[in-house]
**Q** 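Let me begin by handing over the structure; questions about it come next.
What you see is a predicted model; the values in this text were computed from it and never measured. All chains are named by letter (A, B, ...) in the order of the sequence lines, taking the proteins before the strands, and each is independently numbered beginning at 1.
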Amino acid sequence: MLDIKYLRKNTDEAIRRLQDRGVASEKLTELLSLDEARRAAIRTVENLKADRNIASDKIAYAKRNKEDASEAIAAMQAVSSEIKALDSKQVELDEQVQDLAAHLPNLAAPEVPVGPDESANIEQRVWEPAEYQNRPHALLESPKWLKAHFDVGEALGILDFERGAKVSGARFLYYVGDGARLERAVYNFMLDEHRQEGYTEMITPIVVNDSAMFGTGQYPKFQDDAYRVEGLDQTYIPTAEVPLTNYYAGETIPAQDLPIKFTALSPSFRKEAGSAGKDTRGLIRLHQFNKVEMVKFTKPEQSYNELEKMTVNAENILQKLGLPYHVIMLSTGDMGFSAAKTYDLEVWMPQQNMYREISSVSNTEDFQARRMHITFRDDSGKLQLVHTLNGSGLAVGRTVAAILENYQNEDGTVTIPDVLRPYLGGQEKLIATPHH
RNA sequence: GGAGCUAUGGCACAAUCUGGUACUGCAACGGACUCGAAAUCCGUCGAGCCGCUUUUGGCGGUGUGCGGGUUCAAAUCCCGCUAGCUCCUCCA
């Protein structure tokens, strides 16, 4: 949620910055004129209420003294019904203002490139492991035997998309045998790394209420992509960002505790509405996938420094796994609803011959904190909104996909990255094995 | 799922039956006393949100778990909900 006072005072600037985010200027002018009407209604009704409070005191005083107050009561009857009518009018305006405001995206930080979509994103840096040029799939022309990750996984018998579809539907799968073990190794590795970096490990609810979904900005605008539990005020989380960030909803955090860092593994559920036909095979786009998430609560002046650190925390995972990637800064048109600034990490997929998103790290500044009412007391004792950040560290399924594609060998086996071997009993390769 | 009880400042509680300024204590803050501190005494103390404003402040509105209703007036009466506790039932 944007600060309505900022919108009032800096209307021209706000219009321009919202246009950068693809919001028509009429949305803001409509909001502000409703807000003006709302404040006028408040002024009127509050004057009446002040009168009523004084009159009520007089009536109470008279009653205590056994005097007749019927004339004053009769006069107040009219005032009271007027207040009632004006009150409901004001509540109506209030709801309209809230509803419009709740649909406005966050404003982009000044350094974020302005553009309509991903074409305006800016590459920040590229990384690849030192020995990468020696791998066969790093060649300009990929060898013929190079397979897509889902073909590698199906040939090894460790990914079963057919039975996933049979039991649940399209975009669901079973990990089988070493596939399940590899997935588990990957997220255990990620959690251990983040814990060493000072993140507190959490296991969160994976079903949350509407207020939590509103707090992080998924609701009310993006309900269509959520797995809502029918008949209940509850939703399967699209990311652990929701329960992790809402942990402190409505609370004042002791200032000396900031910054606070959480990490959690969780399944993530997304309907992928509007993605029909895209990435229909493999681990890239599923209705349910595992993700290790990082969340931070910071003081305002810390948040951009912490954003850089969190991005490095995500990059560290890819570097230790030896997976090539690049970091891009998303443009105003490509960023998520709540973000003021976002870095995406995209991992190299050699068979697709392109980078694919594997992590997204964002500073939402006080946008989510205002929706959730998360505050701290600054040095002068005043309440201030915290800043919240979130980032994937990383999407686990996509990491498995990147490993299968980047570490596959000509004989169909997959070499296990060094850092994962301790999590797999020292195993060095994935080899096709029968299972039941 | 069933029954009962509970929800009031940072904490602990009173007022609820019988509607009319939300009591008191602790904590906190300011001051007096003191070389200083403790103790004692005096004073202040409803967080947050909203509106107005001449903006280190002032005035007003709201605010007794949440949402409604009745009433001139609701902590108090009525309806619905949520959370916690106890018992029953069920369960990994």
**Q** Please give the distance between the P atoms of G69(B) and A27(B) as a whole number of Å.
**A** 43 Å

**Q** Which whole number of Å gives the distance between the C1' atom of A15(B) and that of U64(B)?
**A**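 Each nucleotide's C1' atom is 11 Å from the other's.
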
**Q** Do other residues, nucleotides or ligands put more than 12 heavy atoms under 6.0 Å from Tyr227(A) OH?
**A** yes

**Q** Salt-bridge test for Arg38(A) and Asp35(A): reply yes if a basic N is under 4.0 Å from a carboxylate O, no otherwise.
**A** yes

**Q** Which nucleotide in the set A47(B), G51(B), G20(B) lies at the smallest distance from any side-chain heavy atom of Arg377(A)?
**A** A47(B)

**Q** Between U71(B) atom P and Ile83(A) atom CD1, what is the distance in whole Å?
**A**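 Taking atom P of U71(B) as the reference, CD1 of Ile83(A) is at 14 Å.
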
**Q** Report, one pair per line, the protein and nucleotides 73-78 of chain B atoms (nitrogen or oxygen only) whose separation is under 3.5 Å.
**A**
from, atom 1, to, atom 2, distance (Å)
A73(B), OP1, Ser80(A), OG, 2.6

**Q** Centre-to-centre under 6.0 Å for Phe150(A) and Phe161(A), is that the case here?
**A**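 Centroid separation for Phe150(A) and Phe161(A): 6.0 Å or greater.
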
**Q** Between Thr342(A) (side chain only) and Ala339(A) (backbone N and O only), is there a donor and an acceptor less than 3.5 Å apart?
**A** no

**Q** Whole angstroms only, please: what is the CD-C1' distance between Gln77(A) and U70(B)?
**A** 13 Å

**Q** Distance check: side-chain N/O of Asn53(A) vs OP1/OP2 of U62(B), anything under 4.0 Å?
**A**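 Indeed, a polar side-chain atom of Asn53(A) lies that close.
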
**Q** May I ask which nucleotide in the shown strands pairs with A7(B), Watson-Crick or G-U wobble, both distances under 3.5 Å?
**A**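 Pair assignment: A7(B) / U82(B).
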
**Q** So does Lys84(A) get a side-chain nitrogen or oxygen closer than 4.0 Å to the phosphate oxygens (OP1/OP2) of U70(B)?
**A** yes

**Q** Paired with C90(B) by Watson-Crick or G-U wobble geometry, both distances under 3.5 Å: which nucleotide is it?
**A** none

**Q** With both distances kept under 3.5 Å, what pairs with C35(B), Watson-Crick or G-U wobble?
**A**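 No nucleotide pairs with C35(B).
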
**Q** Roughly how far apart, to the nearest Å, are C26(B) and U82(B) at atom P?
**A** 40 Å

**Q** Taking CZ from Arg370(A) and P from C49(B), how many angstroms apart are they, rounded to a whole number?
**A** 11 Å

**Q** Pick the P atom in A38(B) and in C33(B), then give their distance to the nearest Å.
**A**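 Here A38(B) and C33(B) have their P atoms 15 Å from each other.
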
**Q** What integer distance in Å separates Asp94(A):CG from G61(B):C1'?
**A**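 Rounded to whole Å, this separation is 13 Å.
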
**Q** Distance between the C1' atoms of A75(B) and A7(B), in whole angstroms?
**A**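 Between the two C1' atoms, the distance is 11 Å.
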
**Q** Taking the C1' atom in each of U34(B) and G51(B), what is the distance between them to the nearest angstrom?
**A** 48 Å

**Q** How close do Thr239(A) and Lys291(A) get, counting heavy atoms only, and between which atoms?
**A**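 Looks like OG1-NZ, 2.8 Å.
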
**Q** Taking the side chain as every heavy atom from C-beta outward, state whether Tyr407(A) and Ile416(A) have any pair of such atoms under 4.5 Å apart.
**A**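 The answer is no; the side chains never approach within 4.5 Å.
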
**Q** Who is the Watson-Crick or G-U wobble partner of G51(B), with both distances under 3.5 Å?
**A**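 Because both required distances fall under 3.5 Å, G51(B) counts as paired with C59(B).
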
**Q** Round to the nearest Å and state the distance from Asp87(A) atom CG to U70(B) atom P.
**A**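 Taking atom P of U70(B) as the reference, CG of Asp87(A) is at 13 Å.
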
**Q** Using the ring of each side chain (for Trp, its six-membered ring), is Phe189(A) parallel, tilted or perpendicular to Tyr423(A), with breaks at 30° and 60°?
**A**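 Ring orientation of Phe189(A) relative to Tyr423(A): perpendicular.
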
**Q** His373(A) has an atom NE2; how far is it from atom C1' of A47(B), in whole Å?
**A**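 To the nearest whole Å, that distance equals 14 Å.
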
**Q** Once you round it to whole Å, what is the distance between P of G60(B) and CZ of Arg39(A)?
**A** 21 Å

**Q** Please check: side-chain N/O of Asn209(A) versus main-chain N/O of Ala212(A), any donor-acceptor pairing under 3.5 Å?
**A**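 Yes, the answer is positive, given that a donor and an acceptor are paired below the 3.5 Å cut-off.
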
**Q** Which base sits across from G30(B) as a Watson-Crick or G-U pair, both distances under 3.5 Å?
**A** C42(B)

